[in-house]
**Q** 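This is the structure, below, for whatever I ask next.
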There are 2 protein chains.
Amino acid sequence: MKKGLRGARIEDITAACGLSKGAFYLHAASKEALFGEVVAEFSSAMNLLIERRIKEMERFHAEHGPLEAHDVAERSERYELLVSMSTESDLGTLELMWAYRDVVHVLMRGSQGTEFESLMWGLVDREVSRVSQEFQRLQEDCVSRADVPPTVIGSLIVGTYVLLAQQMSQMEQKPDLAAWARSIHRLIREGSLAPEGRHRPASSLHAQEDFPAQAPGPRRFPSP
Amino acid sequence: MKKGLRGARIEDITAACGLSKGAFYLHAASKEALFGEVVAEFSSAMNLLIERRIKEMERFHAEHGPLEAHDVAERSERYELLVSMSTESDLGTLELMWAYRDVVHVLMRGSQGTEFESLMWGLVDREVSRVSQEFQRLQEDCVSRADVPPTVIGSLIVGTYVLLAQQMSQMEQKPDLAAWARSIHRLIREGSLAPEGRHRPASSLHAQEDFPAQAPGPRRFPSP
DNA sequence: GGAGTTTCTGACCAGCGGGTTAGTAATGCG
DNA sequence: CGCATTACTAACCCGCTGGTCAGAAACTCC
């Protein structure tokens, strides 16, 4: 769609609407201002999600207290609650990223040197540190493994979502975001190794797997 | 350093060398050509790593045959070999990304709409599908969990490295890349949950953890 | 249909930045 | 020292694009 903010000419934008260049300035003060409006929309929606998530997490800790090692071993109720809470939050984030996937794409790949660069990557940085802190807490409670720096976990999780967001802008069909969120959480928590002791025939179809025959939808190619 | 290819003026570059604009063209045919040289260097080095890695993997399979479920349960020799092989390969990739971190940064964030955009993201896409295929194989051999789409695992791993690469360009000190690689592999394989049955005092220092007091080095701020 | 209002056009301007080149300084060498 | 070669400068050209504006077109309401 766009070749980056710098690469998109005013005429490109107006021509795509079937208008002439002059008409642009009847609707927006400048290219940056127009993009800024959309970005502000996305940004505030994202901040709302983050805020809500932090509050939810605080409420959880207030109501249920800190998790302990045995919670994970016996998959206690409050443990399952925490898991479903954060999976749900992540799904919300994925949905938002899908809705704004083109904006996110431009923000991430094509806003270098503009006022928007720090907005996107500041958000990413804050998310990394939020997730890191969350995991540091889990480590202190002996719920999460402690032989790994929390920042690496943060980068792992956020990096995954960042890359997925970029892939979204090349898809024409909406993927099963809920399946994505569930898969990611499963991987983060339990790892990719097959659960021990479980053997399955290699050729048969697996039950309750979180994906159809071929997971991602067809590619979307950038319009010229 | 750079405000993206489009954002960097010739005069900015020459001024940074204490020269005048005209002198630039005595050394390079164009901005793109200059950047292209560096990029080609990085790109061929990266492709070499990938090629070598694929060959190594093929040799492993030829010599040791496919892994089976019990290999992971009993942490067999060939399993450990496979793990250390891919950790080592990832470390090599991280080292290369560190050496070219500024180039990678520009390639990822500031090359939208140039000939270099597809180079970087094509590479990323190919890596995602390579990792996906690797995991699909592991799934068929019942070594990796099958209830997660391989492409999600691919995006998870590659996304992590992509984000880390971007963080590199803001660091002034080289982080412990080997620790990163080990942590990531541990997380990917075994997940983030604490190993069951292991209780540790929350306040004491953990043994053999893969990180010092504060993991990442200090930030580097972009020079104006 | 015509006055008034809104919406849009397309020619125009101005400045920025890539690329050129004539001329100048530095360097090397017999 | 004098000549040649190399390295660089700075003014210049020019195309491209953001932004402006007078006027045309469309639309509305009486």
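This one's a predicted model, so the numbers in the text were calculated from it and none came from an experiment. Basis for what follows: all heavy atoms, side chains included, without hydrogens, waters or symmetry-related copies.
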**Q** Using only modelled atom types and a 3.5 angstrom limit, is any donor from either the side chain of B/Lys21 or the base of C/dG18 paired with an acceptor on the other?
**A** yes
**Q** Within a radius of less than 6.0 Å around CD of B/Glu32, do more than 12 heavy atoms belonging to other residues, nucleotides or ligands occur?
**A**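 Result for CD/B/Glu32: enclosed.
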**Q** How close or far is atom P of D/dT20 from atom CD of A/Glu11, stated in whole angstroms?
**A**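 Checked: the CD to P distance equals 15 Å.
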**Q** For the pair A/Ser169 (side chain) and A/His105 (backbone), establish whether a donor and an acceptor sit closer than 3.5 Å, ignoring hydrogens and angles.
**A** no
**Q** Does a side-chain N or O from B/His27 land closer than 4.0 Å to OP1 or OP2 of D/dC8, or not?
**A**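 For D/dC8, OP1/OP2 do have a side-chain N/O of B/His27 under 4.0 Å.
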**Q** Quick one about B/Glu127 and B/Tyr161 (side-chain donor to acceptor, distance below 3.5 Å, no hydrogens or angles considered), yes or no?
**A**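 Result is no, nothing qualifies.
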**Q** Whole-Å distance between D/dG19 P and A/Ile13 CD1?
**A** 11 Å
**Q** Side chain of B/Arg109, backbone of A/Gly113: donor and acceptor closer than 3.5 Å?
**A**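 No.
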**Q** Please pick, from C/dG17, D/dG18, C/dC8, the nucleotide with the shortest atom-to-atom distance to any side-chain atom of A/Ser20.
**A**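 Taking heavy atoms from C-beta onward, the closest nucleotide is C/dC8.
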**Q** Report the distance from atom OH of B/Tyr79 to atom CG of A/Leu193, rounding to the nearest 0.5 Å.
**A**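 With rounding to 0.5 Å, OH (B/Tyr79) is 4.0 Å from CG (A/Leu193).
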**Q** B/Phe24 CZ to D/dC8 P: how many Å, rounded?
**A** 13 Å
**Q** Name the nucleic acid region contacted by B/Leu26, choosing base, sugar-phosphate or nothing; use a 4.0 angstrom heavy-atom cut-off, strictly under.
**A** base
**Q** Contact class for B/Ala8 (heavy atom, under 4.0 Å): base, sugar-phosphate, or nothing?
**A**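 B/Ala8: backbone/sugar contact only, no base atoms under 4.0 Å.
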**Q** With nearest nucleotides of DNA chain D determined for A/Ala23 and A/Leu5 from heavy-atom distances, which residue corresponds to the more 5′ nucleotide?
**A** A/Leu5
**Q** Using atom CD1 of A/Ile10 as one end and atom C1' of D/dT17 as the other, report the distance to the nearest whole Å.
**A** 9 Å
**Q** Starting from C1' on C/dC16, measure out to CZ on B/Arg6 and report it in whole angstrom.
**A**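 One finds 15 Å between C1' of C/dC16 and CZ of B/Arg6, rounded.
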**Q** Rounded to the Å, how far apart are A/Lys3 NZ and D/dC16 P?
**A**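 Atom NZ in A/Lys3 sits about 14 Å away from atom P in D/dC16.
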**Q** C/dG19, D/dT9, C/dT9: which one has an atom nearest the side-chain heavy atoms of B/Ser30?
**A** C/dG19
**Q** Tell me the interatomic distance from A/Tyr25, atom OH, to C/dC13, atom C1', rounded to whole angstroms.
**A** 13 Å
**Q** Rounded to whole angstroms, how far apart are NZ on A/Lys31 and C1' on D/dT20?
**A**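 One finds 17 Å between C1' of D/dT20 and NZ of A/Lys31, rounded.
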